[in-house]
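Values reported hereafter were calculated over all heavy atoms of this structure, with side chains retained and with hydrogens, waters and symmetry mates removed.
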Amino acid sequence: VFGLSSVAQVVLGRGDFGQHLSINLGFGIGVTLGIHAAGGISGAHLNAAITLTHCILGNLPWRKLPAYLIGQFLGSFTAAATVFGLYYDALYDYTKGNFTVTGPTATASIFATYPAPYVSLLGGFFTEFTATVMLLLGILIIHDEKNNGALKGTQALLTGILVLGIGLGMGLNTGYAINPSRDLPPRVFTAIAGWGMDVFTAGHHWWWVPITAPILGSLAGVLIHKLFIDFHNQPVLGSANEKGQPAVETS
C-alpha cells in the first residue's frame, strides 16, 4: 500500500506531489512496517523468491510454501485493489477513463513494473537479478550474528533502508521489482480492473522476468554470502541461532 500509493501520487500528480525519491521512501517504509507487523508471527515472508530459497536450502518445510505464497499473493493483490480505490477518481481524471499500459497517459506502471523503453530483455533480466543479489546479501549481513550483525530491534529499519538503497541506485531500468510477490499479483489485478491482457504482453512479454530473475538472484546472493562471508565467520558461543537455522526469514 505504501509503495504503490507513492507511485500513484507521483504519476497522477504529474510530478507535483513527489519524485523518484518519494517512491523509494514509500517502498522502504512499507517493507519496514511489514517486517514489524509479521516478523514475530510468520517470519515476515514478504518475498516469494526468498521463501522459495529457504525451502530449497532446507530452512523452511516445503509443505509451508503454498500457505506463504497464497498469503503474499493476497496481500499484494489487496494492496493494489486498495490503491486503485483510493485513487480511482484521480485515475479517471488522468486517463479520461482509458486505462493503458503504454502511451502518454499510461498508468499500469503504478501497480506493476515495466522496463524502460531502451532496456533489452536481457538487460532488464540482469538488472533484476543483480538487484535481488544485493537484497539477499544485505539481509543476510544485517542478520549475521557471527559477523557484524545489526543491533537487536534495528533489523526491520535497516532492511527498509536496504530496499531504499536498491531503489536509489538500481531502479532506473526496470523499477526494481526484486520480488515476484510484489509484481505478479498487482499485474493480475490490473488485467482484471481494466488494463486488459496488455499488462502481460508489454515490454516483450516482460511479466515473467520479475518472477524468475529474483528467484535466481536470491539463490546467487545466498551462495555469494556463503562462499565469501559465512564460511569465514567464527562461531558465536551461546548464540540463539544454530548453524543450520536460517538467520532471517524476512523479505
[X] vs [Y] side-chain heavy atoms within contact, under 4.5 Å:
X: Arg187; Y: Asp183; value: yes
X: Tyr94; Y: Ile110; value: no
X: Asp144; Y: Asn148; value: no
X: Thr190; Y: Phe99; value: no
X: Thr159; Y: His143; value: yes
X: His45; Y: Leu60; value: yes

Any idea which heavy atoms bring [X] and [Y] closest together, and the distance?
X: Gln155; Y: Gly153; answer: OE1-N, 2.9 Å
X: Ala191; Y: Val199; answer: CB-CG2, 3.7 Å
X: Leu4; Y: Ala80; answer: CD1-CA, 3.8 Å
X: Ser5; Y: Phe2; answer: OG-O, 3.2 Å
X: Ser6; Y: Gly3; answer: OG-O, 2.5 Å
X: Val83; Y: Val1; answer: CG2-O, 3.9 Å

For Tyr88 together with Phe84, are the ring centres under 6.0 Å from each other?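 So the answer is yes for these two rings.
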Between Phe200 and Trp208, is the ring centre distance below 6.0 Å?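 No, the ring of Phe200 stays outside the 6.0 Å limit from the ring of Trp208, centre to centre.
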[X] side chain to [Y] backbone, donor-acceptor under 3.5 Å:
X: Thr154; Y: Ala150; answer: no
X: Ser218; Y: Pro214; answer: no
X: Asn147; Y: Asn233; answer: no
X: His225; Y: Gly221; answer: no
X: Ser76; Y: Phe73; answer: no

Would you say that more than 12 heavy atoms from the other residues, nucleotides or ligands in this model lie under 6.0 Å from the [atom1] of [X], or not?
X: Tyr118; atom1: OH; result: yes
X: His204; atom1: NE2; result: no
X: Met134; atom1: CE; result: no
X: Trp195; atom1: CH2; result: yes

Can you tell me how far apart [atom1] ([X]) and [atom2] ([Y]) are? Round to the nearest 0.5 Å.
X: Asp230; Y: Ile141; atom1: CG; atom2: CD1; result: 11.0 Å
X: Ile50; Y: Leu219; atom1: CD1; atom2: CG; result: 11.0 Å
X: Thr105; Y: Asn98; atom1: OG1; atom2: CG; result: 6.0 Å
X: Thr100; Y: Asp198; atom1: OG1; atom2: CG; result: 9.0 Å
X: Leu52; Y: Leu69; atom1: CG; atom2: CG; result: 7.5 Å
X: Glu128; Y: Thr212; atom1: CD; atom2: OG1; result: 9.5 Å

Going hydrophobic residue to hydrophobic residue with side-chain gaps under 4.5 angstrom, can you get from [X] over to [Y]?
X: Leu164; Y: Ile23; value: no
X: Val163; Y: Leu172; value: no
X: Phe27; Y: Leu168; value: no
X: Val101; Y: Ile211; value: yes
X: Ile35; Y: Leu25; value: no

Report the C-alpha separation of Thr174 and Trp206 in whole Å, then their side-chain angles, then the decisive distance to 0.1 Å, and conclude whether the side chain to side chain contact (heavy atoms under 4.5 Å, CB included) test is met. CA-CA 10 Å; Thr174 63; Trp206 168 257; 3.5 Å; yes
Going through the distances and angles, do Leu158 and Leu162 end up as a side chain to side chain contact (heavy atoms under 4.5 Å, CB included)? CA-CA 6 Å; Leu158 289 173; Leu162 169 64; over 6 Å; no
Parallel, tilted or perpendicular, judged at 30° and 60°: which one describes the rings of Phe189 and Phe77?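 Answer is perpendicular, since the angle exceeds 60°.
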Decide side chain to side chain contact (heavy atoms under 4.5 Å, CB included) for His36 and Leu157; before the verdict, give the C-alpha distance in whole Å, the side-chain angles of both, and the deciding distance to 0.1 Å. CA-CA 9 Å; His36 274 299; Leu157 175 61; 5.6 Å; no
Less than 3.5 Å apart, any donor N or O on the side chain of Asn47 or Ser181 sitting next to an acceptor on the other?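 No - no donor-acceptor pair under 3.5 Å links their side chains.
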Would you check if there is a donor-acceptor pair between the side chains of Ser22 and Gln9 at a distance under 3.5 Å?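 There is no such pair (donor and acceptor under 3.5 Å, judged by atom type) between the side chains of Gln9 and Ser22.
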With respect to Tyr176, which candidate in Thr113, Asn24, Thr127 satisfies the side-chain hydrogen bond (donor to acceptor under 3.5 Å, both in side chains) definition?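 Considering Thr113, Asn24, Thr127, a side-chain hydrogen bond (donor to acceptor under 3.5 Å, both in side chains) with Tyr176 is found only for Asn24.
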After noting the C-alpha distance and the side-chain angles of Thr132 and Leu136, does the key distance pass the side chain to side chain contact (heavy atoms under 4.5 Å, CB included) rule? CA-CA 6 Å; Thr132 312; Leu136 260 291; 4.3 Å; yes
